[in-house]
There are 2 protein chains.
Amino acid sequence: MALEHALLVALRERPASGLELARRFDRSIGFFWHATHQQIYRVLARMEGDGWLTVEAVAQSGKPRKLEYAVSAAGERELADWLTRPTALDPLRSELAVKMRGASYGDRRVVRALVEQHLAEHRARLAAYHGMAAEQYPDPDSLAAADLDRYLVLRGGVRMEEFWIAWLTDYTEAT
Amino acid sequence: MALEHALLVALRERPASGLELARRFDRSIGFFWHATHQQIYRVLARMEGDGWLTVEAVAQSGKPRKLEYAVSAAGERELADWLTRPTALDPLRSELAVKMRGASYGDRRVVRALVEQHLAEHRARLAAYHGMAAEQYPDPDSLAAADLDRYLVLRGGVRMEEFWIAWLTDYTEAT
DNA sequence: GCTGTCATGTAACAGGTTACATGATTCG
DNA sequence: CGAATCATGTAACCTGTTACATGACAGC
C-alpha cells in the first residue's frame, strides 16, 4: 500500500486533519494520487495505532473541533526508508482506452463524443494547472529542496494533461 | 467495474481461454489495462453465469484441454450499451510521483536513482511499442474500423511512454 | 522419475468505493 | 427552527493481489 506513504509526505509538509487531507488530495498531491475521506480516516487511525503519527484535538472558532495528525519520529523513519525502496512501474488503467479500442463493437459516433468530452475536461485541467504554476511558482528557476520537488511534480501534471490532449486530439482527427 | 468490459472487447476480437487472455493483457490491450489470470478466471466464470459468454472445452495436441470463451448475443448487447455510457476521467496513481514529491524527507540521491531506473524501463517500453507498430501496422494510413482503433490505442501507448520519458528526464536534469 | 510448461483454479487478504450515520456550529 | 457546512466515522461491498494447489503433458 502507498496511501500510507502519500499521507506521510502530506503530513510532513504540514500537519492536518482527515478532511483537510482529503481536500488536499483533490488538488496538489492529487495529480497522481487520490483518496476519499472515508479511506483516509481509516488509514490515519491505523497509522496512529502503529505509532507513525501523533494526534491532537484542536478547537476551532466557529467550527467543530478537529483531530490534527502529525508525523512521529517512527513515521519519519518509515518514510525515509520507503523512499529508498524500489518501485514497480505505475500501471495505468484507462476505461476510455478500452472504449476507444472497442469502438467498432458499438456506436463509433458516441465513443467519439465521449472522447471529445474527455478532451474538453483535460483542457480545463491543463489551464487550471498552468494557473497554479503561475500563482504558486512565479520564479521556478530559484526553487530548491521541497519547493522544487513540488514544482517538478506539478510539471508532471501539466505534461500528463498535454499527453491526454495530444492523444485524444489525434484520435478525433483520425476517426 | 470495467475488467468485464475489457474482456468483452478482447473476446470479440478473438475467442480465447483464460490464460490466453492473461497473456494478451500483458501486451496489446495491456497498455491501458492489466489483470492476473486468477482474477480473469473468476470474472470469466461470473460472466458466463450471467449469460454474457459461452464456453467450450477445446482439446489440444500436446497440451491440456482449454476452456475457450466467446461473447454471446447478450454480451454483445451489454458491450454496445457500455460503450455509450459516460466515463469519468481515468485517475492515475503514481507511487514514483509521491516519492519525487517527498524526496526531501529522505535520501534525494536514492530517489533520483529510482527515477533513472524507471526512465530506462520506459525507454525500453517505448522501443518495444515502436517495434510493434512497425511490425503490425506498416501502413497506418490505410487502416479502418477495428484495425484503426487498435492502432490508435497503440499510438496512445507510445505517447504515454514519451510523456514519462519527458517528465523523468526533466526531473533528473533539475535535481 | 524429474523438471518445465500449460492450464485451471481456491483461499485469504489488502485496498478502495459507496451509502449511510452522527453531531457541532452558523446563518437566515 | 431548518438548511448548510464542517468534521468524523461505520458498514457493506466490490475489486484486485498474493500464495498456494492440482492435474495434463513433453522432454530429458
Side-chain angles (χ1 to χ4, degrees), chain A residues 1-8 10-11 15-26 29-30 32-50 52-53 55-69 82 87-95 98, chain B residues 1-8 11 15-26 29-30 32-50 53 55-69 82 87-95 98:
Chain A
M1 156 135 149
L3 174 57
E4 285 158 336
H5 299 101
L7 289 173
L8 286 175
L11 290 174
S17 71
L19 207 61
E20 285 164 357
L21 285 165
R23 281 197 283 256
R24 244 193 261 173
F25 272 59
D26 282 337
I29 294 185
F32 297 108
W33 208 268
H34 175 263
T36 59
H37 70 98
Q38 293 93 331
Q39 195 193 354
I40 288 172
Y41 283 125
R42 195 203 300 162
V43 173
L44 284 175
R46 186 177 61 226
M47 291 168 76
E48 200 266 326
D50 289 347
W52 293 4
L53 303 179
V55 212
E56 190 189 356
V58 175
Q60 303 180 100
S61 64
K63 294 181 200 169
R65 73 98 179 71
K66 66 177 178 181
L67 300 177
E68 194 167 84
Y69 290 88
W82 174 75
T87 307
L89 293 204
D90 301 297
L92 172 62
R93 289 201 161 159
S94 171
E95 238 179 275
V98 176
Chain B
M1 156 136 148
L3 174 56
E4 284 158 336
H5 299 101
L7 289 172
L8 286 174
L11 290 174
S17 70
L19 207 60
E20 284 164 358
L21 286 164
R23 281 196 283 255
R24 246 194 260 172
F25 272 59
D26 282 337
I29 294 184
F32 297 108
W33 209 270
H34 175 260
T36 59
H37 70 99
Q38 292 92 331
Q39 194 192 356
I40 289 171
Y41 282 124
R42 196 204 299 164
V43 173
L44 285 174
R46 185 177 61 224
M47 291 169 76
E48 200 266 327
D50 289 345
L53 303 179
V55 213
E56 191 189 356
V58 176
Q60 302 180 98
S61 64
K63 295 181 200 170
R65 73 98 179 73
K66 65 178 178 179
L67 299 177
E68 193 166 84
Y69 289 87
W82 174 75
T87 306
L89 293 203
D90 301 298
L92 171 61
R93 290 201 161 157
S94 171
E95 239 180 273
V98 177

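Proteins get letters first, then strands, A, B, ... in listed order; numbering begins at 1 in each.
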Below 4.5 Å, heavy atoms only, C-beta onward: do [X] and [Y] meet side chain to side chain?
X	Y	value
B:E20	B:K66	yes
A:H37	A:R23	no
A:V98	B:W82	yes

Inset, instruction - May I ask you to say what B:Q38 touches in the nucleic acid, namely base, sugar-phosphate or nothing, with a heavy-atom cut-off under 4.0 Å? - result: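 Base, at least one base heavy atom under 4.0 Å.
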Considering only [options], which nucleotide approaches the side chain of [X] most closely?
X	options	result
A:H37	C:dT8, C:dG15, D:dG9	D:dG9
B:L67	C:dT17, C:dG9, C:dG15	C:dG9
A:Y41	C:dG16, D:dA7, C:dG9	D:dA7
A:Q39	C:dT8, C:dG16, D:dG9	C:dG16
B:P64	D:dG16, D:dG23, C:dG23	D:dG23

Atom-to-atom span, [atom1] of [X] to [atom2] of [N] - whole angstrom:
X	N	atom1	atom2	answer
B:L92	C:dG16	CG	P	13 Å
B:D90	C:dG16	CG	C1'	16 Å
B:K66	C:dG9	NZ	P	14 Å
B:E4	D:dT15	CD	P	6 Å
A:L19	C:dT25	CG	P	17 Å
A:H5	C:dA14	NE2	C1'	14 Å
B:L3	D:dG16	CG	P	6 Å
A:R93	D:dC14	CZ	C1'	13 Å

Inset, instruction - Answer yes or no: side-chain N or O of B:R42 and base N or O of D:dG16 forming a donor-acceptor pair under 3.5 Å. - result: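 Result: at least one qualifying N/O pair found.
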Inset, instruction - Test B:Y69 against every option in B:L21, B:L11, B:L7 by the side chain to side chain contact (heavy atoms under 4.5 Å, CB included) rule and name the one that passes. - result: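 Output: one option passes, namely B:L11.
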Inset, instruction - Name the residue closer to the 5' end of DNA chain C, choosing between B:G18 and A:Q60 according to the nucleotide with the nearest heavy atom. - result: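 The residue whose closest nucleotide sits nearer the 5' end is B:G18.
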Between [N] and [X], is there an OP1 or OP2 to side-chain N/O distance shorter than 4.0 Å?
X	N	result
A:T36	C:dT18	no
A:R23	D:dA7	yes
B:R65	D:dG23	no

Legend entry - Derivation and outcome, side-chain contact (heavy atoms from CB on, under 4.5 Å), residues B:L53 and B:L8: CA-CA 9 Å; B:L53 303 179; B:L8 286 174; 4.0 Å; yes
